[in-house]
Amino acid sequence: MSVVTLTINDELVSAQEGETLLSVLHERGIDMPTLCHLDGLSERGGCRLCMVELEGSARLQAACVTQVQEGMIVHTHSERLVKYRKMILELLFSERNHVCAVCVMNGNCELQWEAAKIGMDHVRYDYLNPDLSMDASHDRFVLDHNRCILCTRCVRVCDEIEGAHVWDVMGRGVNSRVIIDLNQPWGTSQSCTSCGKCVQVCPTGALSAKGATVAEMEKQHNFLRWILDGREKNVWSYGNGK
Amino acid sequence: MSVKTSPQSRARPRAATEHPSGDPRFSLIDRTLKRFSFQQDALIEVLHTAQEAFGFLSDDLLIYVAHQLKLPLSWVYGVATFYHFFTLTPQGQHNCIVCMGTACYVKRAAEIVAALQQEYQITAGETTADGRLSVSTARCLGSCGLAPVLVLDGEVLARETPESALERVRQHLAEHAGGAKPETNGAGVRERNGIESNGGIHEPI
Amino acid sequence: MNRSDLEAMAQRELQRQQAFRCRILCCASTPCLSSGGSAVYDAINEAIKEGSLDAEVQAVSTGCMGPCSRGPMITVQVNGAEEVIYEHVTPEIGRQIVAQHAAADAPNREATPEVESAPSLSKHVLPGDIPFFVKQKKIVLANSGLIDPERLEDYVAHNGYKALAYALREMTPEEVCREIINSGLRGRGGAGYPTGLKWDMVRKARGDKKYVVANGDEGDPGAYMDRTLMESDPHRVLEGMAIAGYAVGAEQGFIYVRGEYPIAAKRLERAIRSAERRGLLGSRVLESNFNFRIDVRIGAGAFVCGEETALMASIMGMRGQPIPRPPYPAQSGLWGKPTLINNVETFGSIAPIIQNGAEWFASIGTAKSKGTKIFALAGKVDTTGLIEVPMGITLREIVYDIGGGIPDGLAFKAAQTGGPSGGCIPAAHLDTPVDYESLRALGSIMGSGGLIIMDEHSCMVDVAKFFMEFCMDESCGKCVPCRVGTVQMHRLLERITDGSATMQDLETLKELCVMVKETSLCGLGQSAPNPVQSTIHYFLEEYEAHIRDHHCAAGVCTLDKRPVTEWVHA
Amino acid sequence: MKKIKFATAWLGGCSGCHMSFLDLDEKLIDLADKIELVYSPIADVKEFPADVDVTLVEGAVANMDNLELAQQIRARSRLVVSFGDCAVTGNVPTLRNKLGVDDLLTAVYHEGPGRHPTGGDTVMPKLLPKVLPLHQVIKVDAFLPGCPPDADRIWAAVSALLAGEPVVLEPEMRTFG
């Protein structure tokens, strides 16, 4: 694979062709807020937090879905970008009932932490306060729509890694909801394998494990790398990886 | 045991048109499935057929379609709820659609909606408790020259005022007091005068 | 069928038509049908039957004639005489028309209709030389209202499929692309990307399979150009698609028709079948080595599916959610293959370009916007309907000449173009030429062709709120700025119209507009703030009057609430 | 040195932020040297005084009394700080926002267990249709999130305010919850 050279924040950087800009930024240790992106899952480009400026392009681009190109000149933290990121986080907080103080993920939540990092210390928009339900019908897991940001990591991990496609999104716009099978209680799902991957990848308190205390609620993403590496090396195939 | 099927009835040869489910409307769905060789990308076409045949998409129908196309249930449900055309609940006996396209809007169609909502105590997108009337709004029926326009059971009413519209609906409901549903081609989709009754229905946020 | 068969078919059809002394063309487009057009058609046919005039008089159901608010429309062609156009035709008037034009016994009776002798009929005559007709230039809609859209022969008799035959025989795919590039044709869906360049990109793209898609998911409220074209002249769209298929190397086309347009879908299906039967589509088109199939796909009610990546998702049976570009459909579209997507009106312009040459097309319009554009003229204007005008015509000509001005002696306030992605143009800019660049400079867009005229009874804040509500309902929900931003912008507009807003809210609104525009994933979100921004730009004083004085000059807004800061001593 | 006129107020909240304020422990002694506490739930002052330099406001704006006091505070303070999550986001009090006020009162006072009081309409301050964060009602100069903000956060903010500097907290110190 050939190497391309690009300029990120006035610094020359080399990267592998075909890599996404986001992965280069992460490799370089440049802090780039993300919510829908998760290493090991397909990219969605939906949260719009990793928007960057590309010189010569009128539009901002999401780094997670932009491939590096020779000669690209990238700015990641201009005043305008930081302002937009703050506004997007404000919109997310206003959309549903993110009451951190009474959330199971308090202290371990990616949304909460991204807001703190960027200095989004208040929301200027109306809180929409939608009337949303919780689903605690599963033996081990809980779904709380109040905390969901529709990043669809659960949908993707269930489809791409577990292969069950229990989850999907129903409706559209601000009325979208993640659903299980035919929008039915989780406990009644016949396709759910109860593997818990969705819970582990959920960035907020929308999906949580029952019976854990708030302090224990830290989620583990490393299983994704482990599974994907194993797949690549064929460790679970007959006659391979003995 | 009364539910046991007698050997005789099981042996009876099934008519060519009869569907294993016993409901001939499923044959319509099967025909569309075959036309598209059971390809998964035909989902929307199949849902169109299913809704035309049954009037709305029940859970059972969605499961049937999902199994036939070998698609996950949540996928099918997600698609069926994404598009305004598909409805997952039975519709009222009578259907009144108010066009809310820009031309109708400029000519105060919103006042017609408000009048209907007031009279029948429902919001657009809902059906009255007695199941008699569904009121909905449409994006644009493309009859902008006749604005404001509403469609009552497939009949286009042009250049209405809130008062005249209410009067027409009242009269229409009174004429069909027996509860008989006006003729439709397939349940739910009326094609008279070229405007489909489910056209662009949207529910308010 | 080959080229000479095509010519023979055209001759046969022309002879057949000329055999009738009188042809009565009845508009069977949705607006005319909605105002009772089918009853008129039936009455005319009955009258012909009763008078045993079948051999002399023919009633034809055609596509749109234009002035939809005057429907049902009828055009009467008598051999050797000028056409007579009738408006507001009822079944009774229809019978009189038959009597007037056809029942006269002598075949070589004076051809000019004696309108004076039938006073009730004369009231319904619409002179053919009024500005509504004269100021238009019909290229794409040339056949609309003249031919029976359900008969392939009628299209062929009007030079149909000649361009395809010519391209297949005389031109290489590269030459076709070059011709389209030279014509200066730009996408009629709204964005105005040069069509030829797009074709050439798909032509050069590598792929074992390629696709051509016609976008007929016309979602803008108040726009029905595409529907009319598909209903009135379906073969023209199919021919354009086939030429495109040949030019880019595709063998499969899809035409995505909005779910609300059942007649258009039906006519297209029928047109495809009859073209396939005659070898004008399908395998070995016109006995060449070119194969091209077209399938109709019906939308299911989602405005966002007008966006090309969402449309492709919908064709593939998925939720109509857009995906980030690049890669563009030209590189990776349907099923990952290079895909050409154009609006149906764009495809409608192709055959005339091939037939008359790029130079001819490029001679119409302005420096950067060539050809004609169809608009659906609606709102507070005397004659509403469908018009096709050369690019560069001024808004004033459209509103006052073609549209006949504002009714009830009221003043023009604004013209809205581009639907929920466009903006409002105030009276001060009425003399702006209508082309892509000028409209963009005014903060609006050409859009797909909705043109809504507003008078002083329209409140611009309320109009902005109307479009924002539309975008909010139609947002697919994938990206945050559009999903939540539209809701918040709508809330702010609601506050301004109910009287509870502060000047700070206006600033918040402006700031949100810019952010949503720059960060949204697809065109829907990127253009959703346009109606707000353009009304703030041209009608700021209206916004301020709402907030400061709780006054709505148009008398539309309730303004019955107050900001929370004023509650304590209220 | 002239002492800084300092006030704290308590709107629709649980007093937890004030408790946390008291957790400043020995720093309270330092503070007492620098400030004059002119109004606070922990000082018995009836009327919010004029010419206050800094006011920390705990709690969300839930009723007309809260609204009136908030406006008074704004008019009489140079700097107003949203003190804790309820003031900053609305927090727990906003959980009632998805219900209408009438439904809420009926459910609690008419259908709930126990005695059903009457006459509350005239005695109790009128509830706002929705509980609002402070900055949606008055202009706020600084935000101190946390439920409650712990003593370190409060000290970081207050010491900046006393030094006349803008309140810029470390990311760890500005998380909600």
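Convention: sequence-line order gives letters A, B, ...; per-chain numbering from 1. This structure is a prediction, so every number in the text was calculated from the model and none was measured.
- Within a 6.0 Å sphere centred on NE2 of A:H77, heavy atoms belonging to other residues, nucleotides or ligands number more than 12.
- For C:S520, the part lying near chain A is the backbone, with the side chain staying farther off; criterion is any non-hydrogen pair under 4.5 Å.
- For the set A:M51, A:M87, A:R48, A:Q67, the entry with the most heavy-atom pairs within less than 4.5 Å of chain C is A:R48.
- Side-chain polar atoms of A:H98 and A:Q112 form no donor-acceptor pair below 3.5 angstrom.
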>> Using side chain to side chain donor-acceptor pair (under 3.5 Å), reason through A:H221 and A:Q200 one step at a time and then give a plain yes or no.
In response: CA-CA 6 Å; A:H221 299 158; A:Q200 291 306 323; over 6 Å; no
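- Interface remark: of the candidates A:L49, A:I149, A:L60, A:L60 forms the most heavy-atom pairs closer than 4.5 Å to chain C.
- Proximity to chain A involves both the backbone and the side chain of C:E518, based on heavy atoms less than 4.5 angstrom apart.
- Using a 4.5 Å cut-off between heavy atoms, C:I323 makes no contact with chain A at all.
- Note: A:G171 leads A:A58, A:C36, A:S176, A:G171 in heavy-atom pairs under 4.5 Å with chain C.
- For the options C:K517, C:Q504, C:R495, heavy-atom pairs under 4.5 Å to chain A are most numerous at C:R495.
- In this structure a side-chain-to-backbone donor-acceptor pair under 3.5 Å is missing from C:E307 to C:V304.
- A distance-only check finds a donor-acceptor pair linking the side chain of A:E160 to the backbone of A:S42 [under 3.5 Å].
- Looking at A:R44, both its backbone and its side chain come within 4.5 Å of chain C, counting heavy atoms on both sides.
- With a 4.5 angstrom heavy-atom cutoff, A:Q61 touches chain C only via side-chain atoms.
- Counted by atom type alone, C:N530 and C:S527 present zero donor-acceptor pairs between their side chains at under 3.5 Å.
- Relative to the six-membered ring of C:Y261, C:R258 meets both conditions, a distance below 6.0 Å and an angle of at most 45° to the axis.
- Per-residue counts of heavy-atom pairs under 4.5 Å with chain C were compared for A:L81, A:V65, A:I88, A:T66; the largest is that of A:I88.
- Interface remark: C:P481 contributes backbone and side-chain atoms alike to the contact with chain A (heavy atom separation under 4.5 Å).
- More than 12 heavy atoms of other residues, nucleotides or ligands shown are found within 6.0 angstrom of NZ on A:K117.
- There is no contact between C:V516 and chain A, counting heavy-atom distances below 4.5 Å.
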